[in-house]
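Down below is the structure, laid out as structure tokens.
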Amino acid sequence: MVLDDLGSSLRGTLDSLRGKSRIDEEDVEEVVKEIQRSLLQADVDVSLVMALSDSIKERALEEEPPGGTTARDHVLRIVYEELVDLVGESTELPLEEQTIMLAGLQGSGKTTTAAKMAWWFSKKGLRPAVIQTDTFRPGAYEQAEQMCERAEVDFYGDPDEDDPVKIAREGLEATEDADVRIVDTAGRHALEADLIDEIEEIEATVQPDRSLLVLDAAIGQGAKDQAQQFEDSVGIDGVVITKLDGTAKGGGALTAVNETDSTIAFLGSGETVQDIERFEPDGFISRLLG
Ligand code: GDP
């Protein structure tokens with residue numbers, strides 16, 4: 001369990017509860033303070049951290065530990081449950097025919113993620129295809145094409161066409177044989193009205209089963225506005241956090257998860273097509289606290 005992997009200072013604090021059969025407010029305060037420190041450092045929004053702290057405090061003091069449970073194990077279980085509640089479960093992704101649309105700002109890692117996800121689905125025995133509708137960023141077509149070649153998955157794009165909606169429509173026809181279609185969309189430096197119009201049109205055309213918001217792990221509190229905008233325009237079913245191989249721990253993305261009432265689907269941890277993993281709460285919690 002993740003709890004074996006807790007940050008060393010938190011483990012130390014918890015270990016100081018060993019041998020105690022009851023815990024008092026001071027003990028709980030100490031544990032909560034350690035957790036707060038780690039989560040804030042990992043960019044988790046302060047209001048989320050406060051809500052989590054309150055739940056832990058309340059439960060640790062009010063719930064009766066089951067018979068035979070030490071104070072340490074009681075607090076540990078509550079901390080773990082509340083952290084799982086904070087980060088959520090993994091976005092459900094049935095291994096069946098589906099269309100997935102990616103949204104996000106330019107540079108967040110959408111194109112890379114599209115190819116990575118296609119690779120992931122191909123390893124699960126499905127036939128994926130990437131449809132590249134980003135006509136805005138120079139080089140997006142070539143980048144997607146090359147990555148799909150490396151991933152050995154089907155790819156559709158049209159470097160001579162500048163209407164992304166048309167590419168999306170033709171892409172659907174051209175990838176009829178695929179089981180999983182992953183539609184990459186354009187991002188801009190900031191959220192602009194024409195970007196929103198464009199993604200709404202693409203969404204109406206491809207009618208995705210799922211729309212995932214791609215976020216750079218370093219997003220910090222900027223995640224909130226973005227998430228709200230994309231949620232309002234196309235609806236967000238899940239989040240992909242990229243660049244977790246860097247120093248950022250991705251806690252800012254939890255704001256987006258909270259804002260869109262969604263979950264995390266994938267984590268990206270490098271620039272090659274294999275650098276993708278399914279989100280699972282334990283590993284992510286360890287990373288946040290570590
Ligand atoms: P897009 O504009 O959203 O399509 O973003 P790209 O897919 O082009 O990614 C922007 C940059 O981030 C590129 O240089 C990618 O190689 C890099 N990138 C994407 N995902 C990751 C990741 O998980 N780790 C690292 N280190 N780099 C990444």
Side-chain angles (χ1 to χ4, degrees), residues 42-43 91 100-121 123 128-151 153 155-159 162 164 167-168 171 181-192 194-196 198-199 202-203 206 208 211-220 222-223 225-227 229-230 233-234 236 238-253 256 264-280 283-284 287-288:
D43 279 338
T91 309
I100 301 173
M101 184 175 81
L102 300 184
L105 297 190
Q106 183 170 324
S108 58
K110 283 183 305 301
T111 300
T112 309
T113 298
K116 285 176 175 179
M117 280 174 54
W119 177 82
W120 186 87
F121 276 110
K123 291 294 151 207
V130 171
I131 302 173
Q132 171 60 285
T133 73
D134 186 352
T135 55
F136 184 78
R137 182 164 62 82
Y141 172 86
E142 287 78 11
Q143 181 194 350
E145 187 185 36
Q146 281 166 18
M147 285 200 80
C148 287
E149 221 168 88
R150 259 176 254 140
V153 296
F155 169 72
Y156 180 84
D158 184 350
D162 57 11
I167 298 177
R181 289 138 156 177
I182 300 166
V183 182
D184 188 16
T185 62
R188 308 273 155 100
H189 290 296
L191 279 170
E192 295 159 19
D194 55 345
L195 163 71
I196 293 294
E198 180 180 302
I199 199 165
I202 294 173
E203 202 245 351
V206 303
S211 295
L212 303 183
L213 177 63
V214 180
L215 294 170
D216 185 319
I219 182 82
D225 283 353
Q226 257 196 77
Q229 284 266 20
F230 282 115
S233 57
V234 295
I236 294 299
V239 167
V240 179
I241 310 177
T242 64
K243 308 186 194 180
L244 279 163
D245 48 320
T247 52
K249 292 185 172 163
I264 306 173
F266 286 105
L267 305 177
S269 57
E271 296 191 74
T272 63
V273 290
Q274 296 95 332
D275 294 327
I276 183 164
E277 58 190 87
R278 267 297 254 149
F279 169 80
E280 50 87 21
F284 193 71
R287 206 184 317 229
L288 283 180

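All ligand and atom numbering here is 1-based and tracks the order in the structure.
- The atoms of ligand 1 that sit less than 4.0 Å from any heavy atom of G268 are 23 (O).
- When D134, I131, L195, I202 are each tested for a side chain to side chain contact (heavy atoms under 4.5 Å, CB included) with T185, only one passes: I202.
- In terms of protein heavy-atom proximity, atom 16 (O) of ligand 1 is closest to E271 OE1, 2.7 Å.
- The shortest separation from a heavy atom of G270 to ligand 1 is under 4.0 Å, placing the residue in contact.
- Counting heavy atoms under 4.0 Å from ligand 1, residue L105 touches it through the backbone alone.
- Remark: ligand 1 atoms within the under-4.0 Å shell around heavy atoms of K110 are 1 (P), 3 (O), 4 (O), 5 (O), 7 (O).
- Per-residue contacts place Q106 under 4.0 angstrom from the following atoms of ligand 1 (heavy atoms of the residue considered): 2 (O).
- Considering backbone and side-chain atoms alike, T113 places every N or O at 3.5 Å or more from each N or O of ligand 1.
- Close contacts of ligand 1 with S269, meaning ligand atoms under 4.0 Å from a residue heavy atom, involve 23 (O).
- Distances between N or O atoms of L244 and those of ligand 1 include no value under 3.5 Å.
- Here Q132 has no heavy atoms under 4.0 Å from ligand 1, in either its backbone or its side chain.
- For the atom pair OG1 (T133) and CE (M101), the distance works out to 8.5 Å, reported to the nearest 0.5 Å.
- Checked against the 6.0 Å centroid threshold, F266 and F279 do not count as a close aromatic pair.
- Close contacts between ligand 1 and Q143 involve ligand atoms 6 (P), 7 (O), 8 (O) [criterion: under 4.0 Å to a heavy atom].
- Under 4.0 Å is where a charged nitrogen must lie from a carboxylate oxygen, and between D184 and K110 no such pair does.
- Outside the 6.0 Å centre-distance limit, the rings of Y156 and Y141 are not counted as a close aromatic pair.
- A search for salt bridge (charged side-chain N to carboxylate O under 4.0 Å, His left out) contacts involving E203 returns nothing, not counting sequence neighbours.
- When the heavy atoms of A217, G107, G187 are ranked by distance to atom 10 (C) of ligand 1, first place goes to G107.
- Residue-ligand proximity: D184 is placed with every non-hydrogen atom at 4.0 Å or more from ligand 1.
- Residue-ligand proximity, T112 to ligand 1, at heavy-atom distances under 4.0 Å covers atoms 6 (P), 7 (O), 9 (O), 15 (C), 19 (C), 20 (N).
- At least one heavy atom of D245 sits closer than 4.0 Å to an atom of ligand 1.
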